[in-house]
Amino acid sequence: MYDVVIVGAGIAGCACAHFLARYDLNILVVDASYDIATGTTRANSGIVHGGYDPEPGTLKARFNIEGSRMYPGLARDLGFDFRQNGSLVVAFSEEERPNIEKLYARGITNGVEGLRIIESDELHEKEPLLNPAAVAALWVPTGGIVDPYGITLAFAETAACNGVTFKFDTCVSDIRRAENNWELIIDNPEGTSQTLEARIVINAAGLNSGLLNSYVSKENDFKITPRAGEYLLLDKIWGNAFTSTVFQVPTAAGKGVLVSPTVEGNLLIGPNAVAREHTYETQTTNEGLAQILKDASKTWVKIPAGDIITNFAGLRSTCVESPDFHLGEPADAPGFFNICGFDSPGLTAAPAVGKYFAEIISERLQAAEKPAYIDHRDAPRHLSTMSDSEIALAVAENPAWGRVVCRCEQVSEAEIVEALRSPVPARTVDAIKWRTRAGMGRCQAGFCLPLTIELIAKEHGIELTQVCKGSHDSRLILGERGFLNELPHISMGGAC
Amino acid sequence: MAQTLCGNPTTFKTDIAIIGAGAAGLAAAVSAYDAGVHDIMVFEREDAPGGILKQCIHNGFGLQRYKEELSGPEYAHREYAAALQRGININYAATVLSIEPNTTLRVLSPEFGLAHVEAKAIILAMGSRERTRGALRIPGTRPAGVYTAGTVQRLINLQGIVPGKEVVMLGSGDIGLIVARRLVYEGAHVKMVLNRSHFSGGLRRNIVQCLDDYGIPLRLLQTVTNVYGRDRIEAVGVSEVDKPTKQAIPGTEERVSCDMLVLSVGLIPENDLSRAAGISLDRGSQGAIVNEQYQTSVPGIFSCGNVLHVHDLVDFVSDEGERAGRSAAAYVQNEGAPEQQTATTRIVPGNGVGYVVPQLVTPAAHDDLLLRFRVRDIYHKPTISVKVDGETVKTFKRPILIPAEMVEIHLNAQLLAGHATAEIHIEAGQNS
């Protein structure tokens, strides 16, 4: 019997786990995937929004503002990459100026600090590569950029250090009432199933949160639509091309795309918004990517397309019919806490929602605060940001710091091993990539993949052929040399 | 070598520091040694010498240099043996993190920790990397099973593991062709090799020996326009390419099932260190701009091999390494070469030429000046002309020029003396 089962190890679920871990509760986080943050959290713009955008009075407005205020302190205490670089919402003609003025007024109503409309001279001095046609912009000094995976990992690791259990590859296929508690039916990857019991369930299942809600509630009926956002990522040589996150002011013609530095030092362009049928459809499309490039050229006229190193798409968990966040208990399912429709500004709002839920739930369960609670995490060390004397000392203590595995991002073996031994261990190549950046650079893992799979196999005691890219069906290596000799010449079936 | 026991970087002083112990770096080290500079440090990020040759277990190496046919490891071993014989200091698992001012390197290794290597000259011999799916902007899902050809070669030949068995390959560069054959040897089914342009980027002999001999179809003017599959790749979308615009033709996509997509779409000189150090690069070659001494825009830093421009034969890489090694030795012996930038001649790629190395020729150039370049298209019976101030001063005839094969011409440097620019120009022959 668990006090709280959190379904979903994205930013929302891990934020709840982090804040609930303060209390003397038996907490379990389950996720259908192989790692934290594999859904909506993984692939988005990584923007901490100032809060000028949501309609005043909505949950989005409230938690956006509260969340954005929490970020600087959390980044310091939990050691994840966050930079308050400021956002610009740019008007590219005098006709577009009223739109930024409208956002300015809305921001003031929402309580956003430091908003200012800046004129052409100041704007172009701030961003020299910005389209010369830009006339003015809304300057949002509280806007920031974050590594969404990084903050989620920080939440998960502190939660784990405080006793929260994480279970991956664990899919919840049904939830039933069992007296005053909840019974969760779990499908394991091996095809078996089991039942878990919980006093409280938090539905932080992102794209599947509508489905999960439908297991317990008839009244609170809503549907989550996966809406894809496609992105292009530019080489680090362009990481300083823009210092602020540059939005195009929304017009009747569209919401526009953003051009933004990332905390890792690349430059991000995107997203668009395309409805998709299934929750796994994270493919990119030729048309989508071409359109993004075209739209972004409004911000940056001469985008160096030759320096694009990769493209990707993420899915937003949007509730199209009622686009505000759906937070809290449905009337017919007390003890079942929804975090649904958690699209933008979900990343910004998550810490505030997690804190809010932790307060309500701890009170409901009359849980006391733990006497010994770890509220600090040292930022993971990265070779690429360490000083020469820090590196020298690190190698003297552990020679693995001197062995570079990923040359493009300068990631050492020690960093990879640390990720493999984390309180919430990385188990796959993708998990290593998100945690250490190994394989994220120019060569896109061409050189480091063979080394990374050896480290994963060694640390987790598995064969090279069992190492996966991500999900447990994504094996990277089909067999050892010679394995095909035992098969007919051309095998069409799955030999593994 | 002293172990670092505290948080202080070590300092090494040396005459010549060489980045990379592949074909270029080893040849540079040996030739610099033979030219009289014995204080040399080579830094190699892997645990063994030879660079990419280690995984090239096929033969065909060394026909020019050794007049016999060797495998990659055999070729590497000969180069390594020469360095070993001279007692040249090669540091393994040693990664150069950056090139600092005053020909200094920041090097990291598990053995000596972080070191500042103060050299009198540096030779860049870092080789190249492969172009990736991201650089091609191939849309679709991001499943397991998409690899570059060199990575596949390494997995099979050095790690003994096979990443796929129903294979579609995009691009027909030499590594790709060799890997296609290698996959067939492992029992995999290579369904097709696609090539966006109307000619292959691979050597003719490789197309015959690796594709034709095994009945693997080479489909010209076709490319991959989609990747399908959630966890492991299940299929690719293959589209026809419009020859004049080089763009995929919408509506022509055919779904081809596979469990691996191999990319062999070109190599990129690995100049991240050079770029960060402010060394001027040539957009055409994607390597450093060098003079006939293989010296870059930063005095005392030389470049050779695939980091300077992508070669098709290792024999020429070794040759270039030797030239750069001799130049670096002379630079050290003369305590820096005199600045003569004013009277240099710039070599410009003219019609049909992608790039020329070296890009600059100084008045100190010998009578026998070697120029290497690549053409952009196939030319039958072409004429190569060297033009100064619009006037042709020298012509060369060749039976055929193809983009896959680097072209060499030897020129009397006197022809260029006093001219600001010289242009290399290709004219198609009668029967094109």
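Just so we're on the same page: letters track the sequence lines, and every chain starts at 1. What you see below is based on every heavy atom in this structure, not just the backbone, and it leaves out hydrogens, waters and symmetry mates.
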(message) Holding to side chain to side chain donor-acceptor pair (under 3.5 Å), I want the full list of residues that pass it with B:Arg133, two or more places apart in sequence or in another chain.
(response)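 Once residues adjacent in sequence are excluded, B:Arg133 has no partner under the side chain to side chain donor-acceptor pair (under 3.5 Å) criterion.
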
(request) Identify, with sequence neighbours excluded, every residue that meets side chain to side chain donor-acceptor pair (under 3.5 Å) alongside B:Gln247. (result)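 Testing B:Gln247 for side chain to side chain donor-acceptor pair (under 3.5 Å), a comparison that skips the adjacent residues, returns none.
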
(message) I'd like to know whether the aromatic ring centres of B:Tyr214 and B:Tyr185 sit less than 6.0 Å apart in this structure.
(response)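 When the ring centroids of B:Tyr214 and B:Tyr185 are compared, they turn out to be within the sub-6.0 Å range.
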
Under 4.5 Å, counting heavy-atom pairs only, tell me which of [options] racks up the most with chain A.
options: B:Glu270, B:Arg131, B:His116, B:Arg142; answer: B:Arg142
options: B:Thr151, B:Thr95, B:Leu108; answer: B:Leu108
options: B:Thr148, B:Leu155, B:Ile268, B:Ile233; answer: B:Leu155

(message) Taking 4.5 Å as the heavy-atom cut-off, does anything in residues 275-287 of chain B contact chain A, and if so which residues?
(response)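 The stretch touches chain A at B:Arg275.
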
(request) Counting only heavy atoms closer than 4.5 Å, note whether B:Leu263 contacts chain A via side chain, backbone, both or neither. (result)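 Looking at B:Leu263, nothing touches chain A.
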
(message) Under 4.5 Å from any heavy atom of chain A, what part of B:Asp47 do you find: side chain, backbone, both or neither?
(response)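 Just its side chain gets close to chain A.
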
(request) Identify which part of A:Ile308 has an atom lying under 4.5 Å from any heavy atom of chain B, answering side chain, backbone, both or neither. (result)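 When you check distances to chain B, atoms from both the backbone and side chain of A:Ile308 fall under 4.5 Å.
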
(request) Using non-hydrogen atoms and a 4.5 Å limit, figure out which bit of A:Val467 sits close to chain B: side chain, backbone, both or neither. (result)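 The answer is neither part of A:Val467.
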
(request) Verify whether one side chain among A:Asp35 and A:Thr38 offers a donor that lies under 3.5 Å from an acceptor in the other. (result)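 No, A:Thr38 and A:Asp35 have no side-chain donor paired with an acceptor closer than 3.5 Å.
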
(request) Enumerate the residue pairs fulfilling salt bridge (Lys or Arg N to Asp or Glu O under 4.0 Å) with a member in residues 144-155 of chain B, sequence neighbours excluded, ordered by first and then second residue. (result)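 Of all non-adjacent pairs touching residues 144-155 of chain B, those that pass salt bridge (Lys or Arg N to Asp or Glu O under 4.0 Å) are B:Glu46-B:Arg154.
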
(request) Output the option from A:Asp388, A:Asp235, A:Thr310, A:Val404 having the highest count of non-hydrogen pairs under 4.5 Å with chain B. (result)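 Between A:Asp388, A:Asp235, A:Thr310, A:Val404, the count favours A:Asp388.
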
